[in-house]
Protein chains: 2
Amino acid sequence: MRKTFLFLDTIINKVDAKGRVSLPSDYRAIVKELSTEIVCYRSLTSPCIEGCTEDLLEKLAADIESSTDFFSETQDDLTNLVFGDAKRFSFDSTGRIMLTEKLLKHAEITDTAVFVGKGRKFQIWSLENWTKEEQRLREKIKNNRPSLKAEGNND
Amino acid sequence: MRKTFLFLDTIINKVDAKGRVSLPSDYRAIVKELSTEIVCYRSLTSPCIEGCTEDLLEKLAADIESSTDFFSETQDDLTNLVFGDAKRFSFDSTGRIMLTEKLLKHAEITDTAVFVGKGRKFQIWSLENWTKEEQRLREKIKNNRPSLKAEGNND
DNA sequence: TGGTATAACATGGTATTTTATGGGAATCAA
DNA sequence: TTGATTCCCATAAAATACCATGTTATACCA
C-alpha cells in the first residue's frame, strides 16, 4: 500500500477534435490506487481548470459539516460554487477524459492542455496562459522567497 | 522506526545519451529503507537540480494544507511552484534514473553529473558549475566564518 | 602485510512494455 | 436521422526493464 499520493510535474498533452485528452499516467495511477474518480471545476481565481480526487472533495465536505469557524462565510460561499461547478470525469481504456465545452472555454484551451501538479490538486492550463503564469510565479519568488517549513534551511 | 538518514558526500557519475545516470548507491539505500521515491526539481536559486525523498514533499503538502486554507492565494502560488516542477524518479534494477531534458538544461548538464549531499536533500550539478560553486562557498567561509550553534569545527 | 578472490557498482547496449494519440465502429439520446 | 459520446483497434514514440561487461571497492587468506 502506497503512502504518498501527490499530483506532480507539468505535462503537456494534446486535445483532439472530439475534446479528448490523455490524463497523465501518473495521475491515473493515483486514481486507480485510491479507487476514486477525478473531479474538475473552473478555477475561481485563474483562467484554468482545477481538478482533484473525489476523495478530497468529500474531505472538504466533511470538514465543513464538523466545524463552523474553520471556514469563514466567504469560504463557505466559495465552496458552494465549487461543488456546484464540479463534474466527475472517468477515463476510458486508453486513459483519456473528455473535458466539457464550459471548462475548455474558461481555460481558453483549444488544442493543447498543460497539466500542472499541485500536490493534492492539479490544474489544466492552455499553453499560453501557463507560460505567463509560470513566469509570474518565478518573478514573485525572486523578489520574495517563501520559507517552506518542511524544506529546512539551506545556504 | 525512523533510522537517521542523510544524503552525504560528493559523487561524480556519467550521464549517457538518453539522460540516464546512476543514482549513488548510498542514496539508493535511503530510498529503499524509507520505501519512498526520489523527487527532483529545478533549484529556485541555483543552476542545479535539487532532489529529496517523496516523503519530504508529502510532509510539505500536509504542512501547507494545515497552515493555510483550501482557497488561499499563498497556498496556490506555493503549490504551483513546488509540486508543478517536481517529478518522481524511480530507478531500474541497475540503479539508474532518467533525468528529463528540462532538468538537465536548467543545470547545464551534458555528460557528467555531480551529486552533492545536503542532508535531507541533495543537488545535482554540472562539473563546471559545481567547481565554481564549491570555490565560491569556500571563499565565502574564509571571509566570514559562520557561527554554528552546534559548535561545528572546520579544519 | 601483500596478494588474490569476490562482490558491488557504473555504464553501454538491447528488448520489452507503456503511453499518447489518431481513426473508426458501436451505442445512445434528442 | 443526426450529433454526440463511448468503446475498440492501430501505431509511433517514449519510458522502462533486462542483460553483458569492465572497473572499482571489499573481503578473505596466507
Side-chain angles (χ1 to χ4, degrees), chain A residues 2 7-33 37-40 49 51 87-105 109-117 122 124-127 130, chain B residues 7-33 35-41 49 51 54 86-105 109-117 122 124-127 130:
Chain A
R2 279 187 64 74
F7 292 110
L8 298 178
D9 206 1
T10 297
I11 285 127
I12 300 173
N13 282 343
K14 283 195 179 165
V15 182
D16 70 13
K18 298 179 193 175
R20 294 180 299 182
V21 216
S22 280
L23 196 67
S25 63
D26 280 0
Y27 293 14
R28 262 143 53 195
I30 293 175
V31 174
K32 275 191 190 168
E33 191 87 30
E37 299 254 26
I38 286 292
V39 167
C40 293
I49 301 166
K87 183 170 156 51
R88 196 176 295 117
F89 288 90
S90 52
F91 49 85
D92 62 22
S93 60
T94 62
R96 280 181 288 200
I97 58 176
M98 231 188 68
L99 295 170
T100 63
E101 198 52 47
K102 185 175 75 174
L103 292 175
L104 290 172
K105 195 172 171 189
I109 294 172
T110 56
D111 60 348
T112 305
V114 184
F115 291 81
V116 182
F122 63 89
I124 314 176
W125 292 76
S126 76
L127 198 52
W130 171 244
Chain B
F7 293 111
L8 298 177
D9 206 359
T10 298
I11 283 126
I12 300 173
N13 282 342
K14 281 197 180 165
V15 183
D16 71 13
K18 298 181 198 167
R20 292 184 300 183
V21 218
S22 279
L23 197 66
S25 62
D26 281 0
Y27 293 14
R28 263 141 56 192
I30 292 173
V31 175
K32 275 190 187 169
E33 184 80 32
S35 43
T36 181
E37 300 253 27
I38 287 292
V39 167
C40 294
Y41 50 93
I49 301 166
E54 197 173 347
K87 184 168 161 54
R88 198 176 294 116
F89 289 91
S90 52
F91 48 85
D92 62 20
S93 58
T94 63
R96 278 182 291 197
I97 59 176
M98 221 183 75
L99 294 172
T100 63
E101 199 52 48
K102 185 174 78 173
L103 292 174
L104 291 171
K105 196 173 170 190
I109 294 172
T110 55
D111 60 349
T112 305
V114 184
F115 291 81
V116 183
F122 62 89
I124 314 177
W125 292 77
S126 76
L127 199 52
W130 173 243

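Chain letters run A, B, ... following the sequence lines, proteins first and then strands; every chain starts at 1. Note that the structure is predicted; figures quoted are calculated from it, not measured.
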[X] side, atom [atom1]; [Y] side, atom [atom2] - distance, nearest 0.5 Å:
X	Y	atom1	atom2	result
B/Ile11	B/Ile124	CD1	CD1	11.5 Å
B/Arg96	B/Asp16	CZ	CG	6.0 Å
A/Phe91	A/Glu37	CZ	CD	8.0 Å
A/Leu8	A/Tyr27	CG	OH	7.0 Å
A/Trp125	A/Ile109	CH2	CD1	10.0 Å
A/Asp26	A/Phe115	CG	CZ	12.0 Å

Do B/Tyr41 side-chain atoms and B/Leu103 backbone N/O form a donor-acceptor pair below 3.5 Å? no
Any sub-3.5 Å donor-acceptor pair from A/Asn13's side-chain atoms to A/Ser22's backbone N or O? yes
Give the rounded distance in Å between these two atoms: [atom1] of [X] and [atom2] of [N].
X	N	atom1	atom2	value
A/Asp26	D/dA15	CG	P	12 Å
B/Asp111	C/dA10	CG	P	17 Å
B/Phe89	D/dA17	CZ	P	14 Å
A/Asp16	C/dG23	CG	C1'	10 Å
A/Asp9	D/dA15	CG	C1'	14 Å
A/Leu23	C/dT19	CG	C1'	12 Å
B/Phe115	C/dC9	CZ	P	15 Å
A/Tyr27	C/dA20	OH	C1'	16 Å

Take B/Trp130 and B/Thr10, measure what side-chain contact (heavy atoms from CB on, under 4.5 Å) needs, and give me the verdict at the end. CA-CA 10 Å; B/Trp130 173 243; B/Thr10 298; 4.0 Å; yes
Contact list for DNA chain C against residues 92-104 of chain A - heavy-atom distance below 4.0 Å: A/Thr94, A/Arg96
Ranking C/dA10, C/dT19, C/dG12 by distance to the side chain of B/Lys14, first place goes to C/dG12
Taking the side chain of A/Asn13 as its heavy atoms from C-beta onward, which of C/dC9, C/dG12, C/dT21 lies nearest to it? C/dT21
Can you find a donor-acceptor N/O pair under 3.5 angstrom joining the side chain of A/Lys18 to the base of C/dG24? yes
At 10 degrees resolution, what angle do the end axes of the helix from C/dT1-D/dA30 to C/dA30-D/dT1 form when each is taken over five base pairs? 40°
Is the phosphate of C/dA20 approached by A/Arg28 (side-chain N or O, under 4.0 Å from OP1 or OP2)? yes
Determine the contact category for A/Ser22: base if any of its heavy atoms lies under 4.0 Å from a base atom, sugar-phosphate if only primed atoms, P, OP1 or OP2 are that close, otherwise nothing. base
Sugar-phosphate, base or nothing in reach of A/Ile11, heavy atoms under 4.0 Å: nothing
